[in-house]
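What follows is a set of notes on a single structure, which appears directly below.
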Number of protein chains: 2
Amino acid sequence: MGRKRTKSGKIRLAEVAELAGVSPITASRFFRNPEALSVAKRTRVESAARELGYVPNLAARALASQRTEVIGVLIPSLTNNVFSDVLRGIYDASEGSRYSIQLSNTRYSILQEEKLLRLFLAQKPAGLIVTGIDQTTESRAMLEAADCPIVQIMEIGPDPVDMMIGFSHYDAARAAVAHLFEQGRRRIGFVGARMDPRVQRRLDGYVSAMKDAGLFDQRLVVTTATPTSVTLGGALFTDLLAREPDLDAVFCANDDLALGVLFECRRREIAVPDQIAIVGFNDLEFMASAVPTLTSVRTNRYEMGRTAATMLIEAIDGRRPEQAVLDLGFKVIERQSSTSRHSDSRPAVSGAGAANKMVALPTGHD
Amino acid sequence: MGRKRTKSGKIRLAEVAELAGVSPITASRFFRNPEALSVAKRTRVESAARELGYVPNLAARALASQRTEVIGVLIPSLTNNVFSDVLRGIYDASEGSRYSIQLSNTRYSILQEEKLLRLFLAQKPAGLIVTGIDQTTESRAMLEAADCPIVQIMEIGPDPVDMMIGFSHYDAARAAVAHLFEQGRRRIGFVGARMDPRVQRRLDGYVSAMKDAGLFDQRLVVTTATPTSVTLGGALFTDLLAREPDLDAVFCANDDLALGVLFECRRREIAVPDQIAIVGFNDLEFMASAVPTLTSVRTNRYEMGRTAATMLIEAIDGRRPEQAVLDLGFKVIERQSSTSRHSDSRPAVSGAGAANKMVALPTGHD
DNA sequence: GTCGTTGCTGGTAGCGCTGTCAACGTTCCT
DNA sequence: AGGAACGTTGACAGCGCTACCAGCAACGAC
């Protein structure tokens, strides 16, 4: 009787089937599509499986069915807070589904991304989540040819491979600058680090808003390819001040930089917001409790991850979402650092997200 | 000729073997143990594989060989900065090896951990990384019975399942308090959130140090089960101040709380460090650029992750490390927030790590 | 010259599961 | 009543790879 045991001592489907008095294939169906069984057999297989403590062998399943239940996720950084929020959303959504997450880190390199994509695709993932819209031509071709659903996250653009969820970094930056204009600021600097495509588009938005107002000046822009940090924010701000002493505001490409600028202002005894206004990007948790509280552009990172994974899983299961491109929008959260003579947290300028409208191109916000 | 193609259009090992003019099994060996082949066949298989763009089918390999090349990682949180550093180390170390990482989030629940462990183990991982030493009895039994190497990370304790890498949170907390004593502080508060086992041990260390000095007072301790945040740091500090107005220092269980305390001090115009000294835990990047710069206990998170994965992979490949328990130590980085009348960044108090000595029990530091 | 020994190679037989298709019993329609 | 249609079940044949063991040549020791 023990002869049927697998070498590893594990219970196989065949044992479950035998105990339940059905054929192995019927037992197999129980796990994949229980509705297809009669109630009697269903309960028998169920109790047999429980009694034996059966756990399916995923490798065998993958081999036989020619597909895996793995969702591949490609993100550029594990360190960045932004991605940890997105990831949390993805993991939360995948939990309870039968799909597991396979994560890889492209380190902001599209070549690395291409390599990883090739690796992933070879294992026939059930679905794929990739960051951004700036893939190599080769990657793009592989994605188009892939026979699984794909979601691009973090931003939206004109030409989705399949599904897409994010927001317009360009519009968000324009909104941040517009807010500073409203507050009467004119000499608005830009501080950016890493300069990945999304930060670049924030810069583009900033530049266009400044040009529209006739206020653009190349000296107001300080960027570096160095990875971002709070300390770096202080350093870049120092550079900016040296170039442009009569600065009256800084728009930071992310909140870490903004915090660094705030500290540097305190160090130099520059009054915020009286002398210089500060606006960050992402609205990390600490922005609301800094002194003064820091204005930032809120982005829905957790929701982005969660929705991306949910959409993907639905699509894998054959229920494609009615809209393939989802704009989650953004919101300028106005706080003390940019609103002299105003109280904290006023009604905010928001992007497309509220209406979740479909967009193909960067749309002007209201 | 196309008849041998698999349905999925993929190249199989058999095709490679055919092109190379060897048997499939020889081709298989090429990928697992190239040294076993004669140089002639080796090069022939190699070029055939490259020419055909062969990618092995992992599911088939796993099924046939009865083992996977997956390293399971169980961590309690994806949000926490601390774990993102550890994870980065793990991913960095796994890159280039043939092992892939399967990550799961226990959300600080040992029951959830047990469930995930059962799931992982059923797939016969090549190795396992688990967080901490506080598993359920059932989990512990499963880990002991698992036939793969296991590394426990984040802390060290008396009774490793297999390998272990971390440091003593208890000693680190004692060192932080000792530093405050040296600075002449007496009424030292403790602020903690989440209160997971490691934070609890930091509290234990604090309590023991305070008791040793005859300074312990229950009113000095403010904790909550709520997840940590900067804002929460301010709130807990407010509570603490209400209970104990003549506080002269705060030891925070992590840096987010410390930053919140700093902001709250600024809001209340409490001078740091003149009225109140602040010490954090982990030494996140921003601590060095806050104003004043914030003292913290540096922990080697990235290195911990990297070393854990490296040790694990070595052990999987049959090269067990000479020491199974590795104490990475800690270091009190003294900065302005706790060192009145001193300049920044003096020589620091450090834990066991420098010597990487083996420890079985929390050892007193010097 | 015979017998081990070593180094390399190949054949056989699965690993545990699922896709496909045929077959069965039942119900419902005409 | 006959047959179509449906729902349910099972047999068969692999999925692509590797473990195991046998075979073979080349070589050296006696």
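Chain identifiers are assigned alphabetically (A, B, ...) following the order of the sequence lines, protein sequences preceding nucleic acid strands; residue numbering begins at 1 within each chain. What's counted below: heavy atoms across the whole structure, side chains too, no hydrogens, waters or symmetry copies.
- Distance, A:Asn33 CG to C:dT18 C1': 13 Å, rounded to whole Å.
- Going from atom CG of A:Asn57 over to atom P of C:dC15 covers 11 Å, rounded to whole Å.
- Taking atom CZ on B:Arg98 and atom C1' on D:dT18, their separation rounds to 14 Å, with Å as the unit.
- Salt bridge B:Arg306/B:Glu95: absent, no basic N to carboxylate O contact under 4.0 Å.
- Between the side chain of B:Arg44 and the backbone N or O of B:Ala20 there is at least one donor-acceptor pair closer than 3.5 Å.
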Report task. At under 4.0 Å between heavy atoms, which parts of nucleotides 21-26 of chain C does protein reach? Answer with one letter per nucleotide, 5' to 3': B base, S sugar-phosphate only, - none. Result -> ------
Report task. Check the pair A:Met154, A:Phe83 against side-chain contact (heavy atoms from CB on, under 4.5 Å), reporting the backbone distance first and the verdict last. Result -> CA-CA 9 Å; A:Met154 295 311 291; A:Phe83 290 106; 4.0 Å; yes
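- Ion pairing between a basic and an acidic side chain is recognised when a charged N comes within 4.0 Å of a carboxylate O; A:Arg118 and A:Glu114 show such pairing.
- A tilted orientation is assigned to the rings of B:Tyr54 and B:Phe31, their planes being inclined by 30° to 60°.
- Out of C:dT9, D:dT9, C:dT18, the shortest distance to the side chain of A:Ala64 is found at C:dT18.
- The phosphate of C:dG19 (OP1 or OP2) has a side-chain N or O of A:Arg67 nearer than 4.0 angstrom.
- Residue contacts shown for B:Phe30 are absent, as no nucleic acid heavy atom lies under 4.0 Å away.
- Between A:Gln66 atom CD and C:dG19 atom C1' there is a gap of 10 Å when expressed in whole angstrom units.
- A straight line from NZ of A:Lys41 to P of D:dG10 spans 4 Å, rounded to a whole angstrom.
- Contact check of residues 20-28 of chain A against DNA chain D (heavy atom, cut-off under 4.0 Å) returns A:Val22, A:Ser23, A:Ile25, A:Thr26.
- Look at B:Asp159 and B:Arg140 and you find a salt bridge, because one of the NZ, NE, NH1 or NH2 atoms lies within 4.0 Å of a carboxylate O, short of that distance.
- Atom P of nucleotide C:dC15 and atom CG of A:Leu63 are separated by 13 Å, given to the nearest angstrom.
- Between the B:Asn80 side chain and the B:Val82 main chain, a donor and an acceptor come within less than 3.5 Å of each other.
- An OP1 or OP2 oxygen of D:dC15 is reached within less than 4.0 angstrom by no side-chain nitrogen or oxygen of A:Lys124.
- The phosphate of C:dC17 (OP1 or OP2) has no side-chain N or O of A:Arg32 nearer than 4.0 angstrom.
- Ion pair A:Arg320/A:Asp162 flagged as a salt bridge, since at least one NZ, NE, NH1 or NH2 atom sits closer than 4.0 Å to an Asp/Glu carboxylate oxygen.
- As judged by a 4.0 angstrom heavy-atom cut-off over every strand, B:Ala62 is placed among residues making no nucleic acid contact.
- Using a 4.0 Å cut-off between a side-chain N of Lys or Arg and a carboxylate O of Asp or Glu, A:Arg107 and B:Asp92 qualify as a salt bridge.
- A:Glu18 places its CD atom 13 Å from the P atom of D:dG10, with the value rounded to the nearest Å.
- Following rounding to the nearest Å, B:Phe31 (CZ) and D:dC17 (P) show an atom-to-atom distance of 9 Å.
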